[in-house]
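Keep in mind that the numbers below use all heavy atoms, side chains included, and drop hydrogens, waters and symmetry copies. Below, read A as the first sequence line, B as the second, and so on, with proteins coming before strands; counting in each chain starts at 1.
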There are 2 protein chains.
Amino acid sequence: MPATQEDVARLAGVSRKTVSNVVNGFPHISKDVATRVGAAILELGYTPNHAARSLRTGRTGTIQLVVPELEVSYFAELAQWVVAAAEERGLSVLIRQTRGDRERERLALEGASGEATDGTILSPVSSDLAAIVSRKSQAPVVLVGEVAGGGMLPHIGIDNEAAAYAATQHLIRSGRRRVGFIGAQRGQMSHMARMRRDGYERALRDADLVVDERLVRYTDGYHRREGAAALRDLAATDLDGAFCATDLLALGAIRAARDLGIDVPVDLAVVGIDGLDEGEYSVPRLSTVAPDKNRIATRAVERLLEAIDTQAEGGTPRDGSEEVVGFELVQRESSS
Amino acid sequence: MPATQEDVARLAGVSRKTVSNVVNGFPHISKDVATRVGAAILELGYTPNHAARSLRTGRTGTIQLVVPELEVSYFAELAQWVVAAAEERGLSVLIRQTRGDRERERLALEGASGEATDGTILSPVSSDLAAIVSRKSQAPVVLVGEVAGGGMLPHIGIDNEAAAYAATQHLIRSGRRRVGFIGAQRGQMSHMARMRRDGYERALRDADLVVDERLVRYTDGYHRREGAAALRDLAATDLDGAFCATDLLALGAIRAARDLGIDVPVDLAVVGIDGLDEGEYSVPRLSTVAPDKNRIATRAVERLLEAIDTQAEGGTPRDGSEEVVGFELVQRESSS
DNA sequence: TTGTAAGCGTTATCAA
DNA sequence: TTGATAACGCTTACAA
């Protein structure tokens, strides 16, 4: 049976409220009382009861991170930064996986775990999430990656069109003329997939190259396996460059190319997006467009915290503004 | 302002307790009352208040997963399985990262977040954690991976010695005679590092090969970078095989070998441990000893749940028994 | 500077 | 089968 404030108060010979003051670092406490209470706390091994505290304050000190799946390295790296940024601000992070499932996504926001947290950082699977915005007076949500909710929710991410443009342009500048596209999407065309595709096409047009549908493939998810399958499918064409919507797809594509005797980068140049650590050590090393993941995570946590505070003060949360984070084109061996 | 049981009770014309009964699926409720309450809940958009419920019940419905860092793919994959297994049992997972830091590890168990969860699945950084066991009547802990607490805590993991033996033996059988070891550890020799090293040595001895300290390197952490550095360091020797304590170290080693013009597997055969998805698509594909990660995660969640229930019923938790999970030697291109 | 009283939303106990 | 009442441990008025 853990000790309560009551126990500490009794042992220290003060009132419960005084213990509370000491615990919360309330300013006006006499030296004598402070040390007495401190000693009692130590002796009893008292820890404030989290549930009682949040029942009273309405805050849990926990935020939720909802991603498709941690097995996809981008989300693991993002999660790492989110957990770190949250820790710096005294917050804990609850992680949920949607596996690209709408129902799981909805549950994460409306179900019990939404109630157990102060707010959510969501990497949505699809842009069609009217449901997200229509939630009545629930905890705040900040979007990361995919855009959703029709621009009604705050969103942190890179300029996907520009990132795709940079990647494709890089391939063209390295002398490729038949540049293909391997894009990830769940279900129907997502906003992110469309942006990356748009950037790809604009880069082609700017270089006076034609957009050839035969060089374009879509995958259901983000796994290496799917990138490999897409490339095998493209191998019959005269492809000499491949812009992949994510690094994992690119790494899968490189593996498949290798199996088919296609030399990367000689026969085929490959560029991805994500800036995974894995691409720095792959064979060949992967050229990529690296978003500032640390910044995305940090800003997402900050924005969420702002929204939580605003709502707590009864204010109306700032409506969904877009926040664009930088990226960097990293040229490595897969595209030289 | 979210609706409370009180509001629902008023609208449905029943008492608060009745609403509680309906919400918790209590057996004896008249059809009529149930539907009336159900309608009221829907109309008001009522969700049970998590804090109040856990204050009352003493349960949070959340468990903690404490790992060194999610950026290390093994932990990301493990986390994925833990989150999935927890979800199946109606639990949420709070993730904390220790970054190999003792203080963070201690805080995760004793600090506020320990109070916010029903129990902890811990992947400790070192075996020297007397502190873990000496915690007074705190929430239960189940260990995963590294052993700690002097066998006083339940532990789920593979037989590290046998896994290392299998990996090393495989290298020897493929004709290697100068097999090196690249091992991960934080600070002083961890229990896991020692077990893996023991298995490595036993396999050498069983094949009448000598253990040569010059072929052994230790890294501080688990990153590709460190595996690469270790291999560069070993390159001056006559090494023809390398057993790496983790897949990430192995992948780093392969990259470094490549850079030095060492052909894997012709000049150097490499085997890791972890069974990462990454190794299935790397160039060359990575031979590995794959633990049943799903089972480790599932059993850890189950054991933790058992311990939580036992403690809730006032029983003394079953003492730290070891639970061994299977592994599989996966032969791929890096060691043929 | 400290103490007293009240209540956060829920479930457990016990009567009705 | 349902309802009243009392906690759970804490913080926030307000009073001393």
Item to check | Among dG3(D), dA6(C), dA13(D), the one nearest Arg56(A) by side-chain distance | outcome: dA6(C)

Checklist entry - Should Glu87(B) and Arg96(A) count as an ion pair when the cut-off is N to O under 4.0 Å? => result no

Checklist entry - Over how many whole Å does the gap from Arg53(B) atom CZ to dG9(D) atom P extend? => result 18 Å

Next on the checklist: Nearest heavy atom decides the nucleotide; on that basis, is Ala52(B) or Ser20(A) closer to the 5' end of DNA chain D?
Outcome noted: Ala52(B)

Next on the checklist: Of the options dT10(C), dC10(D), dG3(C), whose atoms approach the side-chain atoms of Arg16(B) most closely?
Outcome noted: dT10(C)

Item to check | Asp7(A) CG to dC10(D) C1', straight-line distance once rounded to whole Å | outcome: 13 Å

Checklist entry - Looking at side-chain heavy atoms only, is the closest gap between Val324(A) and Ile156(A) below 4.5 Å? => result no

Checklist entry - What do the steps show when you test Asp101(B) against Arg104(B) for salt bridge (Lys or Arg N to Asp or Glu O under 4.0 Å), and what is the final call? => result CA-CA 5 Å; Asp101(B) 180 40; Arg104(B) 274 219 181 68; 3.8 Å; yes

Checklist entry - Nearest-Å distance, NE2 (His50(A)) to P (dC10(D))? => result 12 Å

Next on the checklist: Please evaluate residues Glu71(A) and Gln80(B) with respect to the criterion side-chain hydrogen bond (donor to acceptor under 3.5 Å, both in side chains), reporting the C-alpha separation (whole Å), side-chain torsions for both, the decisive distance (0.1 Å), and the verdict.
Outcome noted: CA-CA 6 Å; Glu71(A) 195 175 350; Gln80(B) 184 205 14; 3.0 Å; yes

Next on the checklist: Tell me the interatomic distance from Asn21(B), atom CG, to dG9(C), atom P, rounded to whole angstroms.
Outcome noted: 19 Å

Item to check | Nearest-nucleotide pick for Thr4(A), side chain only, options being dT12(D), dC10(D), dT10(C) | outcome: dC10(D)

Next on the checklist: What's the closest nucleotide to the side chain of Lys17(A) if the choices are dG3(D), dT12(D), dT11(D)?
Outcome noted: dT12(D)

Item to check | Heavy-atom pair with the smallest gap, counting every atom of Val93(B) and Ala86(B) | outcome: CG2-CB, 3.4 Å

Checklist entry - Between the two end axes of the helix from dT1(C)-dA16(D) to dA16(C)-dT1(D), each built from 5 base pairs, what angle do you get to the nearest 10°? => result 30°

Checklist entry - Which value, rounded to the nearest 0.5 Å, describes the distance between Glu69(A) atom CD and Phe75(A) atom CZ? => result 8.0 Å

Item to check | Interatomic distance, Gln5(A) CD vs dG9(D) P [rounded to whole Å] | outcome: 11 Å

Checklist entry - Does OP1 or OP2 of dG3(C) have a side-chain N or O of Thr18(A) closer than 4.0 Å? => result yes

Next on the checklist: How many whole angstroms separate atom CZ of Arg36(A) from atom P of dT1(C)?
Outcome noted: 15 Å

Next on the checklist: Taking the minimum atom-to-atom distance to the side chain of Leu55(A), which one of dA6(C), dG9(C), dT12(D) wins?
Outcome noted: dG9(C)

Item to check | Ion pair Glu103(A)/Arg106(A), N-O distance below 4.0 Å | outcome: yes

